[in-house]
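Below is one structure; the comments refer to it alone.
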Amino acid sequence: MRRIGGGGLLLLLVPLAAAAGAGFDDDFTGLTLRADYYHSGTAGEERFALRRVRIEGPWPGSRTRPVDPTNLGKYRVELADAATGRLLYSRGFASIFGEWETTGEARAGGWNTIQEALRVPEPRRPARLRLLKRDSGASFAEVWSVEIDPGSRFVDRPPPPPHVVRTLFEHGDPAVKVDLLFLGDGYAADELDRLRDDVGRLAGALFSVEPFASRREDFNVRWIESPAALSGVTKPRAGVFRDSPLGARYNTFDSERYVLTLEGHTWRDVAAAAPYDAVLILVNERKYGGGGIFNLYSTAAARSAFAPYLVVHEFGHAFAGLADEYYTSPVAYEEPAGARVESWEPNVTALGDPARLKWRRRVEPGTPVPTPWSKQEFERRSRAFQARRARLRAEGAPEERLEELFVEERERLTALLAADKHAGRVGAFEGAMYEARGLYRPAVDCVMFTRDEVGFCPVCREAVERAIDLYTK
């Protein structure tokens, strides 16, 4: 435990109680406090080192729901009053380190250090910032904490960043809307018109899908211009390297099309120019790729023919905590050892007890659980497409040829799954989150399962609605 500002002994805090008996303005200044830190370790050990604490612009989040009721995320941040231990604020989230520790390299003892940050409303009084992690039993335990005096000279109060902020549409005060911020990486100074067009086109794609279409007026959408010296971002397997403003790159954890930035403090310095609850990073590339980390950010290759799908799918991860439902594509993660535990993600289950299925109220009477589907035929076709895709990649085929294959795959799999006996129903369909056996998804098809143009299933749609409500109600 570390203390920022002041001196003397750290306070022993009583168990945290839910925030009660005080309004937002009684507890918070209305500004945003950001704690930047380094998260290091292996699969079996993790350590933390605080880099800095800084104050940013007005807090964009809800003033009426500071405590997170969703129980989502591998981690949780909590802010508690230092004198009383009263819980002031909490949010669940996932992290890049949380994915790193599941890789083979981390399990073999390899170390990595990831830049991370915690954003909370600035407290009026000294407070304790706690980082908790979900254990195998699904409960949270503290892994790191720091005590912060917001009035200390060690808390930075820099001027607003000089970046240009543009508005696509604005429907109200940030405190009662979801503030979606687009960032562009790899857009050169003479490509900023392209960034503007990409934001408009891909925001349009997102808000054409339910429930975003119906809830469009619950959002403000802005973007920031941060021009790059050179066009494009780093693609290691192609031998292309760029020092792009946000540090986005393909080949994260050696997964060729996984696009993330590990420069967590850098992109947040840029984003601080605007209010944001959710961040979507567009990379100026044609090569298919993207990524999404819950309550961190999502990425998408803006020039890909499948950019609209990438934006919707990856934003589902980052905004609503939805899991990948596919299981036939290669990923960087390794299958966990031992008995399966129930996932925190709202759209995947280990189905330990079918009678307690997490989305059971959406299952129609008479629908069997687990739910049979055309699994063998789907896997046969998927393996065939994966083999063709691998050959094209080995041959160095242009991206256009891979996109043609994706279109063919989409057409055939859409038809197969739409003809399934239980298509359109909610059940428990085996095969999800990179595992062919033992994990189940809610519907036979969904944008979290395939690239088919079917949108979110009812369970995923409900999860998105809950996320929207957390910022707007």
Side-chain angles (χ1 to χ4, degrees), residues 99 102-104 237 250-259 287-292 300-301 304-306 309-310 312-314 316-317 322-336 340 343 345 347-351 370-395 397 399 401-423 427-457 459-460:
E99 293 197 356
T102 69
T103 65
R237 295 196 188 194
Y250 288 76
N251 206 52
T252 301
F253 304 146
D254 204 28
S255 182
E256 182 181 6
R257 294 173 182 266
Y258 195 15
V259 181
K287 181 181 176 71
Y288 181 97
S304 168
F306 279 79
Y309 157 78
L310 287 166
V312 174
H313 176 96
E314 303 298 353
H317 291 311
L322 298 175
D324 278 323
E325 295 177 1
Y326 59 79
Y327 63 91
T328 58
S329 298
V331 295
Y333 319 119
E334 294 190 348
E335 182 177 353
R340 294 192 185 281
S343 67
E345 292 89 345
N347 61 322
V348 171
T349 180
L351 201 62
T371 313
W373 66 289
S374 47
K375 189 170 187 286
Q376 290 185 339
E377 179 60 17
F378 174 84
E379 290 174 357
R380 184 188 70 79
R381 295 191 188 188
S382 293
R383 284 193 295 267
F385 278 113
Q386 290 291 339
R388 291 172 61 188
R389 178 178 173 181
R391 286 196 298 270
L392 289 173
R393 289 168 59 188
E395 295 166 359
E399 196 67 20
R401 182 67 189 90
L402 287 162
E403 289 172 349
E404 291 172 2
L405 179 64
F406 287 161
V407 171
E408 180 186 347
E409 179 185 34
R410 182 178 65 193
E411 292 174 351
R412 296 193 178 186
L413 293 183
T414 298
L416 172 69
L417 298 174
D420 192 271
K421 178 181 178 180
H422 296 290
F429 299 81
E430 189 175 39
M433 206 156 70
Y434 327 125
E435 300 296 334
R437 301 284 184 271
L439 293 177
Y440 300 79
R441 63 189 190 279
V444 72
D445 204 3
C446 174
V447 72
M448 303 309 295
F449 180 53
T450 67
R451 283 180 284 268
D452 300 345
E453 296 172 316
V454 295
F456 292 105
C457 74
V459 171
C460 291

Go through the steps for Ser343 and Met433 under the test side chain to side chain contact (heavy atoms under 4.5 Å, CB included), then give the verdict. CA-CA 10 Å; Ser343 67; Met433 206 156 70; 4.0 Å; yes

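- Val447 and Val454 make their closest contact through N-CG2, 4.0 Å (heavy atoms, listed as atom of the first residue, atom of the second, distance).
- The two residues Leu413 and Ser382 come nearest to each other via the heavy atoms CD1-OG, 4.3 Å.
- Looking at residues two or more places apart in sequence or on another chain, you find a ring pair (Phe, Tyr, Trp, His ring centres under 6.0 Å) between Phe378 and Trp373, Phe449.
- Side-chain atoms of Arg441 come within 3.5 Å of backbone atoms of Gly431 as a donor-acceptor pair (strictly under, hydrogens ignored).
- For the atom pair NE2 of His313 and CG of Leu322, the computed distance is 9.0 Å after rounding to the nearest 0.5 Å.
- A donor-acceptor pair under 3.5 Å is absent between the side-chain atoms of Ser255 and the main chain of Thr252, judged by distance alone.
- For the pair Arg383 and Gln386, the minimum side-chain heavy-atom distance is 4.5 Å or more.
- Using a 4.5 Å heavy-atom threshold, the side chains of Cys457 and Met448 count as separate.
- Distance alone, capped at 3.5 Å, is enough to place a donor-acceptor pair between the Asp420 side chain and the Ser374 backbone.
- Considering CG of Leu405 and CZ of Arg388, their distance stands at 5.0 Å, rounded to 0.5 Å.
- Phe456 places a side-chain heavy atom less than 4.5 Å from the side chain of Val312.
- Considering only heavy atoms from C-beta on, Tyr327 comes within 4.5 Å of Glu379 through its side chain.
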ring-ring contact (aromatic ring centres under 6.0 Å, His included) evaluation trace for Tyr250 with Tyr258: CA-CA 6 Å; Tyr250 288 76; Tyr258 195 15; over 10 Å; no

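- The closest donor-acceptor contact from the side chain of Lys375 to the backbone of Ala436 lies under 3.5 Å.
- Between Leu417 and Ala423, the shortest heavy-atom contact is O-CB, 3.4 Å.
- Between Arg410 and Thr450, the closest side-chain pair of non-hydrogen atoms is not below 4.5 Å.
- Between Ala323 and Val348 the shortest heavy-atom distance is CB-CG2, 3.7 Å.
- Nearest heavy-atom pair, Glu409 versus Phe385, reported as atom, atom and distance to 0.1 Å: CA-CZ, 3.4 Å.
- Between Glu430 atom CD and Glu435 atom CD the span is 10.5 Å, to the nearest 0.5 Å.
- Between Glu325 atom CD and Asn347 atom CG the span is 4.5 Å, to the nearest 0.5 Å.
- Of the possible donor and acceptor atoms, none in the side chain of Thr371 sits under 3.5 Å from a partner among the backbone N and O of Phe429.
- In this structure, Glu399 pairs ionically with Arg257, as a charged nitrogen and a carboxylate oxygen lie closer than 4.0 Å.
- The number of heavy atoms from other shown groups lying within 6.0 Å of CD (Glu453) does not exceed 12.
- Here the closest heavy-atom approach between residue Asp254 and residue Arg237 is recorded as O-NH2, 2.7 Å.
- With salt bridges taken as basic N to acidic carboxylate O contacts below 4.0 Å, one links Glu408 and Arg412.
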